[in-house]
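Data first, discussion second: the structure below is written as structure tokens.
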Amino acid sequence: MAVVPYGGGTSVVGGLDALRGEHGSVVTLDLRRLDRMTDLDPVSMTATLEAGLRAPEAEELLRRHGMTLGHVPQSFEHASIGGFAATRSAGQASAGYGRFDAMVTALTVVTPAGTLRLGRAPASAAGPDLRQLFLDGEGALGVITDVTVRVRPVPEVLLDEAWSVPDFAAGTAALRGLAQAGALPTVARLSDELETAIMGSVAGPRPPPGCQLVTCYEGTAETVEARRAAAHRVLTAAGATPLGAGPVAGWREGRFSAPYLRDTLLDAGALAETLETAASWRRLPELYGAVRDALTAALGASGTPPIVMAHVSHAYPDGASLYYTVLAAQAADPVAQWAAAKRAAGDAIVGCGGTITHHHAVGADHRPWMRAETGELGAEVLRAVKRTVDPRGILNPGKLIP
Amino acid sequence: MTAHFEPERPATRADDLPWARWGAPRPLPQAALDLLRSAFTLPEQGAPAVPAERVRPAESRLPETARSAFAAALGAEHVHTGDAARLARAGGQSTPDLLRRRAGDASAAPDAVLLPGDAGEVAAVLRVAG
């Protein structure tokens, strides 16, 4: 019998479909009753959270003690702690707080072959890091039942600032400057020209020219001021113009609303979907154009020319993520329509040296490109791990493992 | 020395996802609607979803022996084979997931939903399943 672990139900990569594989039946293992904070260590600044806690519930528990996780993806309202761990989640404030996989210091994984408790020190040279092997196991390598994560004090200060840059190339250069100077704000999100124009025209009568960069700083008054000063030097030198806090208010207010608006778009007969990737700074310009062009061509061929807009939501010293939003009219068979577009985009991503996913994970939908990520030997390593912990292949068949 | 911490549960629970949606309907801003209608030809009547009450999953294929083994491990109240529990876990939130469910397709629904209470019960479920 197949077993599909289930947290908040927010997978966007087909990670939760109850595929039977070679089995006669399939059960969903809903972890919602694993809903406790079992430890809070104010000396080490870590908390142990059970996997079924939803993000708002975990925040409520931590804030009772003046702490926060600072993990705020768009799925925040429903997503679970176990889901964050099992998919290597990244959030809107990951520049400041780190990706979820970087916050996890220890975890418990229950597998058909036994239970692993991994992680006993902040860093270790005791062989390859098995925590990282089981993070992003997507329920195919075991069921994560709790994680110990680094926590921070609830920030004293939140400071928002929007900037305008002349174009997307200037904006990515500015983000690269911030990341390489160690001056990234807690949130740094750069919209391309089309996303800036569309968001701007919805927000008010005069859409801003160029591209908009949203920045937010969180921390103590002292750290926010220092980081802001460092960021200002980089952004001003890169030709960015400050727009004040105003435009960020709209982003803050709508930061969780996109999935609701997608429902409304689907109701209206539109197709709306997102996809994401990441690459080195050197490859990013080519990747950015290639994915947009592939989506435009594939949906054009279906008779439904799309609007394709993008933003950079995560910047690193060596590269960045790209997050695309795609809108079109629904064709007669919208599932097939999107499948063709997704195939074209995935091929373009792999062809340009990007990763098939920066933070949505693999599930069933990205599995066709996994071999391109890992190579055949890498794929065999993953299969060998799977055979060891799950010899009968009962855990989430048809997902992740190429 | 480790200070003892008494485990805590949240006072407020997160909402559950409704069938084939992220949440309660929210209107698009008028400017966004205008933009959409100028860019695309959309059907006047929209593309309404099949009402949730008309969607049924296929018959559960969970063998009776497995159901009683799960009930022994978790308590019968934590083993669900009814339509509502199975439909509520029929896939995720990708647009293809939503499009299929909106069309009334519940083929991603599991045969049963199990609610373990701790890591030991998770291990017990895997023993029964394997």
Side-chain angles (χ1 to χ4, degrees), chain A residues 1 3-4 6 9-18 24-30 32-40 53-54 56-57 60-61 77-78 108 110 112 115 143 145 198 201-202 257 259-261 263-264 266-270 272-273 307 328-330 334-335 338 365 392 394, chain B residues 5 7-15 17 21-23 25-29 31-32 35-36 39-43 46-49 61-63 66 70 78 89-100 102 108-119 122-123 125-127 129-130:
Chain A
M1 173 185 319
V3 178
V4 179
Y6 189 101
T10 65
S11 170
V12 289
V13 293
L16 297 171
D17 285 7
S25 57
V26 53
V27 296
T28 290
L29 192 60
D30 186 327
R32 65 176 56 210
R33 290 177 62 222
L34 278 69
D35 61 352
R36 298 177 306 164
M37 176 161 72
T38 57
D39 191 28
L40 180 68
L53 279 168
R54 313 296 179 83
E57 299 168 353
E60 182 213 310
L61 289 171
E77 292 174 349
H78 293 294
T108 306
V110 178
T115 296
V143 182
T145 53
I198 288 179
S201 66
V202 171
S257 66
Y260 295 93
L261 298 182
D263 287 340
T264 308
L266 296 177
D267 289 338
E273 181 59 307
I307 291 172
Q330 280 179 31
V335 173
W338 177 250
D365 295 358
R392 301 185 67 178
I394 64 171
Chain B
F5 180 83
E8 295 181 10
R9 285 197 158 87
T12 311
R13 311 315 303 231
D15 291 336
L17 288 160
R21 301 186 79 85
W22 184 262
R26 285 190 191 175
L28 274 172
L35 189 84
L36 208 63
F40 309 125
T41 311
L42 300 178
R61 294 206 243 163
L62 187 73
F70 287 135
H78 299 307
R89 282 83 168 181
Q93 286 282 330
S94 72
T95 294
D97 284 343
L98 295 176
L99 287 168
R100 280 188 287 265
R102 291 169 64 91
D111 295 303
V113 176
L114 310 176
L115 300 168
D118 57 32
V122 171
V125 166
L126 298 187
R127 275 194 298 277

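Residue numbers start from 1 in every chain, and the chains themselves are labelled A, B, ... in the order their sequence lines are given, proteins ahead of strands.
Not a single side chain to side chain donor-acceptor pair (under 3.5 Å) links B/R127 to another residue, sequence neighbours left out.
Of all heavy-atom pairs between B/R9 and A/D35, the closest is NE-OD1, 2.6 Å. Between B/A11 and A/E60, the closest heavy-atom pair is N-OE2, 2.8 Å. For the residue pair B/R61 and A/G24, the shortest heavy atom distance occurs at NH1-O, 3.6 Å. The two atoms that bring B/P63 and A/S25 nearest to each other are CD-OG, 3.8 Å, heavy atoms only. A pairwise comparison of heavy atoms in B/P96 and A/W338 identifies CG-CD1, 3.6 Å as the closest pair.
A distance of 8.5 Å separates CG in A/L29 from CZ in B/F70, rounded to the nearest 0.5 Å. Atom CG of residue B/L17 and atom CD of residue A/E77 lie 10.0 Å apart, to the nearest 0.5 angstrom. The distance from atom CG of B/L98 to atom CD of A/E273, rounded to the nearest 0.5 Å, is 8.0 Å. Atom-to-atom distance recorded for A/T264:OG1 and B/L36:CG is 11.0 Å, nearest 0.5 angstrom. Atom NE2 in B/H78 sits 11.5 Å away from atom CG in A/D30 (nearest 0.5 Å).
For A/R32, the parts lying near chain B are the backbone and the side chain together; criterion is any non-hydrogen pair under 4.5 Å. Residue A/V26 touches chain B through both its backbone and its side chain, counting heavy-atom pairs closer than 4.5 Å. Only the side chain of A/V3 has a heavy atom closer than 4.5 Å to any heavy atom of chain B. When heavy atoms are compared at a cutoff of 4.5 Å, B/P116 approaches chain A by way of both its backbone and its side chain. Interface remark: B/R13 contributes backbone and side-chain atoms alike to the contact with chain A (heavy atom separation under 4.5 Å). Both the backbone and the side chain of B/L28 come within contact range of chain A, each with at least one heavy atom under 4.5 Å from a heavy atom of that chain. For chain A, no part of B/A90 is nearby; none of its heavy atoms comes within less than 4.5 Å. Heavy atoms of A/R392 lying under 4.5 Å from chain B belong exclusively to its side chain. Only the side chain of A/Y6 comes within contact range of chain B, with at least one heavy atom under 4.5 Å from a heavy atom of that chain.
Your options are A/T145, A/L34, A/I394, A/L261, and the one with the most heavy-atom pairs under 4.5 Å with chain B is A/L34. Between chain B and the residues A/D263, A/V27, A/V4, the largest count of heavy-atom pairs under 4.5 Å involves A/D263. Contact tally against chain A (heavy-atom pairs below 4.5 Å) for B/G46, B/G92, B/A47: the top residue is B/A47. Across A/L266, A/L16, A/I307, the residue that shares the most heavy-atom pairs under 4.5 angstrom with chain B is A/L266. With respect to chain B, the highest number of heavy-atom pairs below 4.5 Å among A/L40, A/V143, A/L53 belongs to A/L40.
Side-chain atoms of A/H78 do not come within 3.5 Å of backbone N or O of B/G23 as any donor-acceptor pair.
The shortest side-chain heavy-atom distance between A/Q330 and B/L99 falls under the 4.5 Å cut-off. You'll find the side chain of A/P56 stays beyond 4.5 Å of the side chain of B/T12, heavy atoms only. Side-chain contact between B/Q93 and A/P259 is absent, with no heavy atoms from C-beta onward closer than 4.5 Å.
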Would B/V125 and A/V110 satisfy side-chain contact (heavy atoms from CB on, under 4.5 Å), going step by step from the backbone distance to the final call?
-> CA-CA 10 Å; B/V125 166; A/V110 178; over 6 Å; no
Begin from the C-alpha positions of A/D17 and B/D97 and carry the test side-chain contact (heavy atoms from CB on, under 4.5 Å) through to its verdict.
-> CA-CA 9 Å; A/D17 285 7; B/D97 284 343; 3.6 Å; yes
Tell me, with the steps shown, if B/R21 and A/D267 meet side-chain contact (heavy atoms from CB on, under 4.5 Å).
-> CA-CA 10 Å; B/R21 301 186 79 85; A/D267 289 338; 3.0 Å; yes
Evaluate side-chain contact (heavy atoms from CB on, under 4.5 Å) for A/M1 paired with B/D111, printing each intermediate quantity in order.
-> CA-CA 10 Å; A/M1 173 185 319; B/D111 295 303; over 6 Å; no
